[in-house]
Amino acid sequence: MIVEASNLNLYYGSFQGLKNINLSIKENLITGIIGPSGCGKSTLLRVFNRMNDLIRGVKITGGVLIDGEDIHSPMCDLILLRKKVGMVFQRPNAFPLSIFDNIAYGPRIWSITDKKTLRDIVERSLTAVDLFDVLKNRLKESALSLSAEKQQRLCIARLLAVEPEILLMDEPCSSLDPIATGKIEELMLELKRKYTIIIVTHNMQQAARIADEVGFMLLGELIEFNSTKKIFTNPSDKRTFDYISGRFG
Amino acid sequence: MKDKIAEKLLLVIAFSAIGSLLLITFFIFQQGIPLIFKIGLGNFFSMHWSPTRGQFGILSMIIGSLMVTVGALVVGIPFGLACAIYLAEFSSKMVQKTLKPIIELLAGIPSVVYGFIGIVILVPFIRTHFGGPGFSVLASSIILGIMILPTIVSISYDSLIAVPNTYREGSYALGATKWQTVVKLLIPAARSGIVASIILGMGRAIGETMAVIMVAGNALKIPHSILDSVRTLTSTIALELGYATGDHRAALFACGAFLFIIITILNIIAIRVTGRRE
Ligand SMILES: Nc1ncnc2c1ncn2[C@@H]1O[C@H](COP(=O)(O)OP(=O)(O)OP(=O)(O)O)[C@@H](O)[C@H]1O
Ligand SMILES: [Mg+2]
């Protein structure tokens with residue numbers, strides 16, 4: 001188990017966003033989180049790299065272990081945690097810097113300044129997302145000149161450059177067209193050999209296509225967590241069945 | 001019908017505003033330029049300004065303007081940027097809501113007040129602690145540096161605030177600290193606005209007259225240190241126009257035309273820089 005949450009509750013002020021979540025996520029699998037809008041998928045994902053720290057008035061109870069370490073303990077180094085647990089956002093957020101500087105951003109933060117090392121990292125990261133051959137002569141151009149799909153790939157490459165273990169992806173394909181989505185999905189299947197991926201998606205077909213295990217959330221609760229096959233063919237909770245058969249959400 | 005009249009009226013007002021600007025510009029150039037041709041560009045940009053002997057060289061004043069402007073930027077940029085960054089990224093909403101209007105209010109204080117504070121506090125302070133007459137490049141730079149703060153702070157602040165939050169999140173998610181995010185991401189992302197704020201501040205510093213006259217000493221020579229007295233282009237115009245006649249008067253208009261060109265160039269650069277953002 002690389003990620004384990006036990007009795008996890010999260011409050012936005014007086015509103016409870018997550019209710020008593022228990023789940024275990026296995027290494028080198030793709031775990032999908034599905035559920036209707038506003039059920040707390042993003043909130044849950046943002047617990048794992050403590051992005052909720054940035055929001056005022058958030059209170060969290062219960063434990064989250066990553067690699068056996070309690071991420072909310074005062075001993076946990078937030079910066080190291082975020083290096084280990086990377087995040088891809090819903091809308092590609094390539095920085096308004098050159099393609100090279102985007103990828104080198106993380107390594108530079110981690111005090112890598114040697115030009116040759118940086119070049120190697122950029123090459124390796126872009127290769128991992130199949131962008132290197134396309135972009136190798138354009139590294140000095142602004143990242144914002146790329147298409148949305150390439151920007152999202154670039155954001156993934158930017159993460160890989162800091163050598164994370166876990167990739168959190170919050171609806172990474174929702175701003176992409178079907179063809180681009182297919183390409184990013186292929187990429188995820190490839191990345192899962194080296195990384196653990198947790199992906200939030202609105203799109204049940206997507207979860208069915210790429211996830212090994214799926215969690216279904218509703219109103220802040222994790223209703224069911226099971227293998228993808230089980231969830232989509234024989235869910236054990238009636239509410240899961242209703243959702244995947246399109247009754248609501 | 002009423003709308004039509006209002007529209008026409010506004011059109012007339014707008015055109016008369018633009019028209020009077022054009023008229024002023026035309027007047028300045030028409031008064032000044034012939035003199036430059038009469039004495040030659042070489043003489044106009046020479047060292048010797050001695051109207052009674054018919055010498056109208058503005059080089060020492062250009063150097064004076066340049067020195068106080070650079071000095072103002074040396075004072076204004078670090079404080080202005082630090083202030084903008086603090087307000088935009090490190091302070092609470094409350095602090096932002098109170099401090100920003102106060103800083104913008106600084107822009108509305110008449111420049112004679114700045115000059116007065118300079119004479120009463122700054123000039124004696126420099127004289128006793130650093131030596132020299134006190135009326136100096138240093139005093140002018142500090143006063144001008146403070147006067148351009150509102151320009152630098154508010155435009156830089158606006159451009160930092162305009163950087164989308166998704167960039168900040170992306171940076172934090174890579175493990176960057178707040179400070180790293182500011183230095184490596186937000187400042188580059190807001191660069192065009194920051195550069196524009198500096199250029200506009202520079203324009204303000206070059207054009208400022210009253211406060212500078214009061215603290216600069218206005219001696220007609222090239223300063224050898226920042227404690228020496230200095231005279232700028234604008235000071236010269238303001239000090240001498242009252243009694244100047246003939247060629248002397250034309251030479252002052254030529255100074256004005258020269259300033260006009262410099263400031264127009266700065267403004268065009270500022271507009272170009274901000275326009276390129278998209
Ligand atoms: N910063 C916040 N302050 C207060 N409430 C919030 C905040 N962020 C989210 N919420 C609430 O928490 C609940 C869960 O939000 P969350 O963004 O996690 O949902 P989601 O499942 O990701 O939805 P979507 O599919 O629309 O992205 C929602 O009811 C939302 O209104
Ligand atoms: Mg969401």
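Because only heavy atoms are used, hydrogens play no part in the values below, and waters and symmetry mates are left out as well, while side chains stay in. Throughout, a chain's letter reflects where its sequence line sits, starting with A, and its residues are numbered from 1.
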* **Within 6.0 Å of NZ in K178(B), more than 12 heavy atoms from elsewhere** => yes
* Asked: Is atom CZ of R91(A) surrounded by more than 12 heavy atoms (other residues, nucleotides or ligands) closer than 6.0 Å?
  -> no
* Which atoms of L97(A) come close to chain B, meaning under 4.5 Å heavy atom to heavy atom: side chain ones, backbone ones, both, or neither? -> side chain
* **Whether over 12 other heavy atoms sit under 6.0 Å from D3(B) CG** => no
* Give, as side chain, backbone, both or neither, the part of L144(A) having an atom under 4.5 angstrom from any heavy atom of chain B. => side chain
* Structure fact -> Looking only at heavy atoms, the pair that brings T166(B) and N93(A) closest together is O-ND2, 2.9 Å
* Structure fact -> Closest non-hydrogen atoms of N49(A) and A173(B), given as atom of the first, atom of the second and distance, are ND2-CB, 4.2 Å
* In terms of heavy-atom contacts, does OH of Y11(A) have more than 12 from other residues, nucleotides or ligands at under 6.0 Å? -> yes
* Asked: For R158(A), is it the side chain, the backbone, both or neither that has a heavy atom under 4.5 Å from a heavy atom of chain B?
  -> both
* For the atom pair CE (M87(A)) and CD (E169(B)), what is the distance rounded to the nearest 0.5 Å? -> 8.0 Å
* Engaged part of A161(A) at the chain B interface, taking heavy atoms whose separation is under 4.5 Å -> neither
* Evaluate the side-chain proximity of P96(A) to L185(B): yes if any heavy-atom separation is below 4.5 Å, no if none is. => yes
* Structure fact -> Here the pair of heavy atoms bringing I109(A) nearest to A176(B) is CD1-CB, 3.1 Å
* To do: Measure the shortest side-chain to side-chain distance between L174(B) and Y105(A) over non-hydrogen atoms and say whether it is less than 4.5 angstrom.
  => yes
* Between Y167(B) and F95(A), which heavy-atom pair has the shortest distance, and what is it? -> O-CE2, 3.4 Å
